[in-house]
Amino acid sequence: MTTRSVSRDIVDTLARLSGAPAVEDADLRGYSRWRAGGTARVAIEPVSAEATQACLSYLADKPLPKVIVGDGSNILFDDAGFDGVVIRIGAAQSAVQFDGEKVRAQAGIWVPQFVHRLCQRGLGGLEHAIGIPGTLGGLVVMNGGSRRLGVGRNLLQARGCDINGVPFERDHAACQFRYRGSTLQDDGLIILEADFAFTPVDRQALRRDMISIMVERRRKFPKNLPNCGSVFLSDPKMYDVVGPPGAAIERVGLKGLKLGDAQISPLHANFIVNLGAAKAGDILGLIHHIRTTVHQQTGFWMDAEVRHIAPDGRIRPAHEAAAEQASNAVPA
């Protein structure tokens with residue numbers, strides 16, 4: 001829980017610059033698809049890329065941590081909340097422009113909606129992401145996708161700013177995309193808009209492929225309970241020996257395990273679901289237990305794909321926060 005309020009001047013200025021209300025003591029369960037976490041001192045959702053940049057520039061010299069979020073599908077806020085400003089890039093920033101095979105899109109568009117619009121134009125290359133519940137900015141930063149594919153292969157140029165509002169542009173080569181990562185992520189950059197190139201394909205064939213992917217996802221992945229998506233990254237070396245993270249977790253007998261109201265999904269073991277009132281601490285506890293158990297029985301360490309956001313603004317892989325929580329636990 002946050003303990004200090006933000007000055008009225010800062011709150012009013014953020015509302016003016018963002019073009020939208022500034023929410024004080026914002027419930028972070030509404031900003032993460034895990035539906036867990038405490039409260040943030042202030043949360044805003046700017047109406048444009050320019051407004052987002054203006055807010056970040058204004059906050060640059062303020063003694064407040066700040067974090068950018070999209071749909072919240074790959075983050076875990078702490079139970080102690082966030083002692084600063086949460087800036088969400090949402091539906092107000094979801095414009096898409098088509099120019100033949102080239103597409104310019106804003107960071108706030110929901111990924112499945114973006115993929116559907118590409119399908120309507122007969123543009124292929126991102127259909128693997130049809131079932132990913134996140135916004136485009138986050139997808140680009142982490143080179144997200146499925147079937148071991150990533151959005152980075154279609155990106156021409158990314159534009160945005162850093163956490164202090166300083167603008168940047170990077171072409172495909174400068175982004176140095178890798179499996180579920182990029183220099184954009186390494187450098188803490190914020191995507192506001194990106195240009196892509198896609199391949200013209202038969203629309204009906206593309207639609208069939210998308211339906212097939214969705215049917216497979218609905219069969220394999222939990223849909224009706226809050227979750228962040230895949231918790232652990234797939235390691236090619238581990239994959240060759242043990243299999244993907246879900247198979248490894250199931251192999252060591254942890255599928256279905258509960259801690260508080262957090263549960264390793266009985267449907268797919270690389271998902272942790274919120275049964276209703278899970279705390280971030282419960283989720284971190286499961287992450288630590290999974291990681292140490294898999295290592296003990298297979299010799300492989302699995303790293304978390306999801307990021308933990310600490311009250312002071314630190315952002316790190318959730319397994320690191322989980323290990324710290326475990327080391328600080330008082331023995332019963």
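Fair warning: this is a prediction, and the values are worked out from it, not measured in the lab. As a basis for the values below, the full set of heavy atoms in this structure was taken, side chains included, without hydrogen atoms, waters or symmetry mates.
With a 4.5 Å cut-off on side-chain heavy atoms, I309 and V86 do not count as touching. Annotation: side chain of L225 is not in contact with side chain of N274 (no heavy-atom distance under 4.5 Å). Side-chain contact check for D209 versus V201: every heavy-atom pair is 4.5 Å or farther apart. Counting heavy atoms from C-beta outward, M302 and I249 have side chains that approach closer than 4.5 Å. Using a 4.5 Å heavy-atom threshold, the side chains of R316 and E324 count as touching. Annotation: side chain of N227 is not in contact with side chain of S265 (no heavy-atom distance under 4.5 Å). No side-chain heavy atom of D186 sits under 4.5 Å from any side-chain heavy atom of Q176. Using a 4.5 Å cut-off on side-chain heavy atoms (C-beta onward), P65 and D312 make no contact.
M142 is not connected to I75 by any chain of hydrophobic side-chain contacts under 4.5 Å among Ile, Leu, Val, Met, Phe, Trp and Tyr, and they are in different clusters. One hydrophobic cluster, built from ILVMFWY side chains closer than 4.5 Å, cannot hold both L254 and F221; they sit in different ones. V69 and V47 fall into different hydrophobic clusters, where Ile, Leu, Val, Met, Phe, Trp and Tyr residues are linked whenever their side-chain heavy atoms come under 4.5 Å apart, directly or through other members. No path of Ile, Leu, Val, Met, Phe, Trp and Tyr side chains, each step under 4.5 Å between heavy atoms, connects F77 with I283, placing them in separate hydrophobic clusters. Placement of L59 and V42 within a single hydrophobic cluster is found when ILVMFWY residues are connected by side-chain heavy-atom separations under 4.5 Å, directly or transitively.
Environment of NZ in K255: crowded, with over 12 heavy atoms of neighbouring residues, nucleotides or ligands closer than 6.0 Å. No more than 12 heavy-atom neighbours from other residues, nucleotides or ligands sit within 6.0 angstrom of NE2 on H116. Counting non-hydrogen atoms of neighbouring residues, nucleotides and ligands closer than 6.0 angstrom, the OH atom of Y239 reaches no more than 12 such neighbours.
Annotation: the span from I87 atom CD1 to Y31 atom OH amounts to 11.5 Å, rounded to 0.5 Å. The CZ atom of R88 sits 12.5 Å away from the OG atom of S18 when rounded to the nearest 0.5 Å. Atoms CG and CG, from L126 and N154 in turn, are 6.0 Å apart once rounded to the nearest 0.5 Å. Taken to the nearest 0.5 Å, the CG atom of D282 stands 12.5 Å off from the NZ atom of K258. Taking CD1 of I264 as the reference point, atom NE2 of H289 lies at 7.0 Å (rounded to 0.5 Å). For the atom pair CD (Q185) and SG (C175), the distance works out to 12.0 Å, reported to the nearest 0.5 Å.
Judged by distance alone, the side chain of N270 and the main-chain N or O of S230 form no donor-acceptor pair under 3.5 Å. Between the E169 side chain and the R159 main chain, no donor and acceptor come within less than 3.5 Å of each other. With hydrogens and angles ignored, the 3.5 Å screen pairs no side-chain donor or acceptor of Q263 with any backbone N or O of V273. Between the side chain of R218 and the backbone N or O of K223 there is no donor-acceptor pair closer than 3.5 Å. Between the S182 side chain and the R178 main chain, no donor and acceptor come within less than 3.5 Å of each other. For the pair Q325 (side chain) and G281 (backbone), a donor-acceptor distance under 3.5 Å is present. Side chain of H319 to main chain of A304: a donor-acceptor pair is present (N/O by atom type, distance under 3.5 Å, no hydrogens or angles). Of the possible polar contacts, none joining the E45 side chain to the A20 backbone as a donor-acceptor pair under 3.5 Å is found. Using a distance-only test at 3.5 Å, with no hydrogens or angles considered, a donor-acceptor pair links the side chain of D79 to the main chain of A280. Although no hydrogens or angles enter the test, the distance criterion places no donor-acceptor pair under 3.5 Å between the side chain of D78 and the main chain of A310.
For the pair D303 and R291, the salt-bridge criterion is met [side-chain N within less than 4.0 Å of a carboxylate O]. D235 and K237 are not joined by a salt bridge, as no carboxylate oxygen comes within less than 4.0 angstrom of a charged side-chain nitrogen. A salt bridge does not link R314 to E320: none of the charged nitrogens lies less than 4.0 Å from a carboxylate oxygen.
Checked against D195 for a salt bridge (charged side-chain N to carboxylate O under 4.0 Å, His left out), the options K102, R104, R170 give a single hit: R104.
Scanning all heavy atoms of the two residues, the minimum distance from I132 to P112 falls at O-CD, 3.2 Å. Here the closest heavy-atom approach between residue A174 and residue T183 is recorded as O-OG1, 2.8 Å. Looking at every heavy atom in both residues, A105 comes nearest to L136 through CB-CD2, 3.5 Å. Across every non-hydrogen atom of A318 and I287, the tightest pair is CB-CD1, 3.9 Å. Between A278 and A36, the shortest heavy-atom contact is O-CB, 3.8 Å. The shortest non-hydrogen separation linking D27 to R29 is OD2-NH2, 2.7 Å.
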**OP:** Go through R147 and E127 one step at a time and tell me if the side chain to side chain contact (heavy atoms under 4.5 Å, CB included) criterion holds.
**Re:** CA-CA 10 Å; R147 296 183 168 184; E127 55 275 11; over 6 Å; no
**OP:** Apply side chain to side chain contact (heavy atoms under 4.5 Å, CB included) to F177 and V151, showing your working.
**Re:** CA-CA 9 Å; F177 289 108; V151 66; 5.5 Å; no
Subject >> W110/D71 under side chain to side chain contact (heavy atoms under 4.5 Å, CB included): CA gap, chis, key distance, verdict >> reply: CA-CA 8 Å; W110 198 47; D71 199 44; 3.5 Å; yes
**OP:** Using the side chain to side chain contact (heavy atoms under 4.5 Å, CB included) rule, take L56 and I163 through it: C-alpha gap first, then chi angles, then the decisive distance, then the call.
**Re:** CA-CA 6 Å; L56 288 169; I163 198 65; 4.2 Å; yes
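Note: F196 and F114 meet the aromatic proximity criterion, with ring centroids under 6.0 Å apart.
Geometrically, R148 engages Y179 in a cation-pi contact, judged by NZ or CZ lying under 6.0 Å from the ring centre and within 45° of the ring axis. Because its NZ or CZ atom is not both nearer than 6.0 Å to the ring centre of F198 and within 45° of the ring axis, R121 does not count as a cation-pi partner of that residue.
Side-chain contact, S146 with R217: no donor N or O sits under 3.5 Å from an acceptor N or O.
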